[in-house]
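A quick write-up on the structure given underneath.
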Amino acid sequence: MRKTQSPEESSPARSGGVQSIVRTFELLEALADQGGSASLSRLAEASGLPLPTIHRLVRTLVDLGYVRQEASREYVLAPRLIRLGESAGRMLSTWAMPHLARLVDFLGETANLAMLDGDQIVYVAQTPGLHSMRMFTEVGRRVSPHCTAVGKALLADHSEADVRALLRRTGMAEHTEHTITDPQTFQDQLTWVREHGYATDDGEQEIGVRCVAVKIPNVSSRIAFSISGPAPRMTQDLIDRAVPLLVNAAEDLSAELSSTALS
């Protein structure tokens, strides 16, 4: 769950922004964190804002077409956001490509940038590996978080309650014999990720494919770099070499995105 800020932390004077705009984007992010759909009370719990404020801001978003109210009275993200997301995704891909290319140069395997979009992982950029036999994860492809290294890397800093809620919404489909289908086993995996600073999956999404992933730190979007390849080539030695390179690339991209946001 998103950390509730104190009035001092979220005030326009402290943040340098306009409070109503800050709160509006907090609500949009809270909706995204809830899988794209939530009630006013759930938004209040997630954002820490008072209900009258949330109601006023959400009604404005509905009037603008960025949020829609369902018959259930829950609010959902509306299609008008897609154009903004597509443009942002293209820019993110542009910033990430040099880092992906360097990872491929050093490691030889396919490098990916992926993000948590609602309850799914979506791949937004890729540089193919140098081998004739390489892994292709189509850009734009959406997969469940529970069976991917990227999903584990991005969910590791979520609360246990939020992870379990996501797993209930998405289910834990068994894609291969190695797919984790037990929520507690998945939570144990997330504990391991927090302790080690990276995530792996070993044939959990596709048989014969291994991946290693690292989250991009200190950015508002939940994004991660990963390296994927055939299991015989994705040895522990390669993973040990890949992790520090992924961490460095993630920190470099984080610094670039922060610099862009402040410029």
Side-chain angles (χ1 to χ4, degrees), residues 1-2 29 32-37 85 89 92-93 96 100 103 109-126 135-229 231 234 239 242-243 246-247 249-250 253-254:
M1 184 179 297
R2 189 179 305 281
E29 290 184 356
D33 291 344
Q34 300 303 313
S37 174
L92 181 58
S93 299
L100 296 175
L103 288 168
E109 302 297 343
T110 298
N112 308 286
L113 178 74
M115 69 183 298
L116 183 62
D117 182 25
D119 287 347
Q120 292 185 306
I121 296 298
V122 57
Y123 290 88
V124 296
Q126 180 188 88
M135 310 315 299
F136 287 100
T137 299
E138 182 181 358
V139 172
R141 182 185 181 191
R142 291 177 174 270
V143 297
S144 298
H146 74 283
C147 55
T148 64
V150 169
K152 296 175 190 176
L154 294 176
L155 291 178
D157 64 353
H158 284 49
S159 70
E160 181 172 346
D162 282 352
V163 172
R164 289 186 180 273
L166 182 150
L167 295 177
R168 285 195 296 271
R169 291 193 298 268
T170 62
M172 300 184 76
E174 184 175 355
H175 298 280
T176 76
E177 60 184 319
H178 304 296
T179 304
I180 298 171
T181 57
D182 174 64
Q184 186 54 54
T185 302
F186 187 73
Q187 291 286 358
D188 294 342
Q189 285 269 305
L190 299 187
T191 299
W192 190 96
V193 173
R194 288 191 292 271
E195 292 172 351
H196 292 81
Y198 69 95
T200 62
D201 86 70
D202 190 359
E204 296 163 41
Q205 171 69 29
E206 297 180 43
I207 286 290
V209 178
R210 295 188 76 188
C211 303
V212 56
V214 166
K215 179 185 175 183
I216 313 296
N218 305 319
V219 295
S220 57
S221 298
R222 294 189 171 96
I223 51 178
F225 281 134
S226 71
I227 295 292
S228 58
M234 291 287 292
I239 290 175
V243 169
L246 285 164
V247 169
L253 179 58
S254 174

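- Under 4.0 Å is where a charged nitrogen must lie from a carboxylate oxygen, and between Glu204 and Lys152 at least one such pair does.
- The shortest distance between side-chain heavy atoms of Phe225 and Asn112 does not fall below 4.5 Å.
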Practice item. For Glu109 and Arg210, run side-chain contact (heavy atoms from CB on, under 4.5 Å): C-alpha distance rounded to whole Å, both residues' side-chain angles, the deciding distance at 0.1 Å, then the answer. Key: CA-CA 11 Å; Glu109 302 297 343; Arg210 295 188 76 188; over 6 Å; no
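- With hydrogens and angles disregarded, a donor-acceptor distance shorter than 3.5 Å links the side chain of Thr176 to the backbone of Gly203.
- Rounding to the nearest 0.5 angstrom, the gap separating the CG atom in Leu155 from the CZ atom in Phe186 is 5.0 Å.
- Using a 4.5 Å cut-off on side-chain heavy atoms (C-beta onward), Thr110 and Ile227 make no contact.
- Applying the salt bridge (charged side-chain N to carboxylate O under 4.0 Å, His left out) rule to pairs touching residues 192-201 yields nothing, sequence neighbours excluded.
- The distance from the NE2 atom of His146 to the CD1 atom of Ile180 is 8.5 Å, given to the nearest 0.5 Å.
- Side-chain atoms of Gln126 and Arg141 form no donor-acceptor pair, as typed in the model, at a separation below 3.5 Å.
- Rounding to the nearest 0.5 angstrom, the gap separating the OG atom in Ser254 from the CD1 atom in Ile216 is 7.5 Å.
- Looking only at side-chain heavy atoms (C-beta outward), Ile121 and Met115 stay at 4.5 Å or farther from each other.
- Arg142 meets the side chain to side chain contact (heavy atoms under 4.5 Å, CB included) test with Asp117, Gln120, Val122; sequence neighbours excluded.
- In plain terms, the two heavy atoms of Ser228 and Cys211 that are nearest each other are CB-SG, 3.3 Å.
- Counting only heavy atoms from C-beta outward, the side chains of Leu103 and Leu246 approach each other to under 4.5 Å.
- Side-chain atoms of Thr191 come within 3.5 Å of backbone atoms of Gln187 as a donor-acceptor pair (strictly under, hydrogens ignored).
- The closest side-chain heavy-atom distance from Arg164 to His158 is not below 4.5 Å.
- Side-chain contact between Tyr123 and Val143 is present, with at least one heavy-atom pair separated by less than 4.5 Å.
- Two residues are said to be in side-chain contact when any heavy atoms from C-beta on lie closer than 4.5 Å; Val150 and Leu154 meet this criterion.
- Residues Lys215 and Asp157 meet the side-chain proximity criterion, which asks for heavy atoms closer than 4.5 Å.
- Listed by first and then second residue, the salt bridge (charged side-chain N to carboxylate O under 4.0 Å, His left out) pairs involving residues 167-189 are Asp119-Arg169 (not counting sequence neighbours).
- Note on ring orientation: taking the six-membered ring where Trp is involved, the planes of His196 and Tyr198 are perpendicular (angle over 60°, cut-offs 30° and 60°).
- Among all heavy-atom pairs drawn from Gly197 and Val214, the shortest one is O-CG2, 3.9 Å.
- The distance from the CE atom of Met172 to the OG1 atom of Thr179 is 9.0 Å, given to the nearest 0.5 Å.
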